[in-house]
Amino acid sequence: MKNFMNKKIKIMLLNLALVSSLGMGLLGCGTGLDPLTVLDNSLPALGSFVSTGGSYSSYLIGGFSASNSYWLFQNSFASYFSTAVAPATGIVFDTGVVSLQNISGYYVSIIHSGRLMSRLFGLQVPTVHVGDSVVVGQTIGTFYSGSQVAFQVLVDGVAVCPLSYMSAAGRAGLTNWTPCQ
Amino acid sequence: MKHRILLLVLSLFSLNSYGAVGQTYSQPSATPVPTTSHAPELELSFDIPSVTGTFAQSFNSGLGGSAVFYFPQLLDPSLHNFISVGFQTFAVKTDTSISFRVVPVLLGLEVRGRVYSDLKSTLALAAGGSFGFLNIPNATNLKVGGYFTAQVKPGLEWDMSNDFALVGRMPLTFIMASTYMSYIAGELGVRMRF
């Protein structure tokens with residue numbers, strides 16, 4: 001009887017180990033980031049969305065306001081606003097053709113946490129797809145030369161002025177204009 | 001004459017026996033038989049989960065459910081062994097079209113104690129693994145994670161009959177990997193004995 005009970009206890013412990021390892025064994029599977037490392041409550045700082053950095057001031061058309069839910073730039077110099085990069089690590093949520101006035105091409109949306117999302121408008125065909133993991137500074141596409149470009153930040157699904165959510169490096173180019181009104 | 005007396009005694013005894021049995025059946029709910037049966041049981045519930053802790057602001061609550069199978073006791077008969085499979089859905093606040101689904105698969109033990117009449121209290125402890133799925137519309141790649149999971153589940157059950165009970169529980173679930181998430185759920189369901 002004692003041996004019988006011991007055997008049952010062993011079977012139960014084995015089952016428990018198997019079920020536990022079921023979850024742990026999958027850790028890191030799928031592609032790229034584990035969802036829980038992305039979906040937390042944080043509001044990570046956003047860096048520059050162009051690869052070359054520098055001052056955005058010369059290209060500014062409009063800052064964030066009640067009637068303008070994004071920063072708008074005139075991309076007159078292809079050598080400057082050439083390559084679009086992910087402003088922070090995240091997962092590509094959405095891509096498509098832009099529907100903003102005077103902006104042609106595509107847009108890319110990236111979720112950076114359970115609360116924060118950024119969007120870039122005015123790209124050529126993006127080099128990333130929905131569901132891809134991206135790291136900060138990773139190329140996501142190329143801007144059209146001479147087109148307008150927009151940058152938008154959303155917190156809990158609502159557009160906000162990007163200024164409060166940008167890192168020191170991201171703010172470096174914000175001179176001589178009012179980014180939030 | 002002797003036969004008639006014998007028949008009369010037998011018939012009186014029979015009446016008395018049936019009467020006693022009838023009395024027992026007429027009030028089954030007043031004194032339910034303690035449930036020490038080894039028969040397997042199945043419990044089906046729906047859940048309304050709510051995320052707690054550091055992830056609380058990242059999600060809106062969705063709906064969930066769970067199926068619990070109580071199998072015949074392996075250890076002490078008063079400890080009910082079970083395996084449960086759950087399904088919880090949360091909407092991500094970044095964009096509510098994104099959902100995060102958690103599927104815990106747990107093994108556990110449950111104790112039951114009588115509170116009053118047919119009302120019982122329950123307390124279960126369970127451990128196992130969870131799958132986490134980040135569902136992004138039109139995504140080519142589904143994000144999947146695997147996590148060690150532990151659960152504490154207090155509850156109440158109301159025996160409607162020997163084979164059927166209504167249950168209400170409030171499981172608190174911890175899922176742990178490189179980061180940590182927990183959620184508490186309000187759970188209502190039924191349990192059936194085979």
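Each chain gets a letter, A, B and so on, in the order its sequence line appears, and its residues count up from 1.
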Does OH in A:Tyr106 sit with more than 12 non-hydrogen atoms of other residues, nucleotides or ligands closer than 6.0 Å? no
Do you know which of B:Thr96, B:Ile175, B:Thr179 has the most heavy-atom pairs with chain A at a distance under 4.5 angstrom? B:Thr179
Residue part contacting chain B, namely of [X], when any heavy atom lies under 4.5 Å:
| X | result |
| --- | --- |
| A:Ser113 | backbone |
| A:Leu154 | neither |
| A:Val155 | neither |

Pairs of heavy atoms under 4.5 Å with chain B: top-ranked of A:Val158, A:Val92, A:Thr37, A:Leu36: A:Leu36
I would like to know whether B:Thr94 and A:Asp156 meet side chain to side chain contact (heavy atoms under 4.5 Å, CB included); could you show each step before the answer? CA-CA 5 Å; B:Thr94 298; A:Asp156 296 337; over 6 Å; no
Side chain, backbone, both or neither of [X] within contact of chain A (heavy atoms, under 4.5 Å):
| X | result |
| --- | --- |
| B:Ser97 | side chain |
| B:Pro104 | neither |
| B:Tyr180 | neither |

Check for me whether B:Arg112 meets the cation-pi criterion with B:Tyr70, that is, NZ or CZ under 6.0 Å from the six-membered ring centre and within 45 degrees of the ring axis. yes
Report yes if the distance between the aromatic ring centroids of B:Phe59 and B:Tyr183 is under 6.0 Å, otherwise no. no
Over 60° means perpendicular and under 30° means parallel, so classify the ring planes of A:Trp71 and A:Phe73, tilted if in between. perpendicular
Report the C-alpha distance between A:Arg119 and A:Ser109 in whole Å, list the side-chain angles of each, state the deciding distance to 0.1 Å, and finish with yes or no for side chain to side chain donor-acceptor pair (under 3.5 Å). CA-CA 4 Å; A:Arg119 275 195 187 127; A:Ser109 306; 2.8 Å; yes
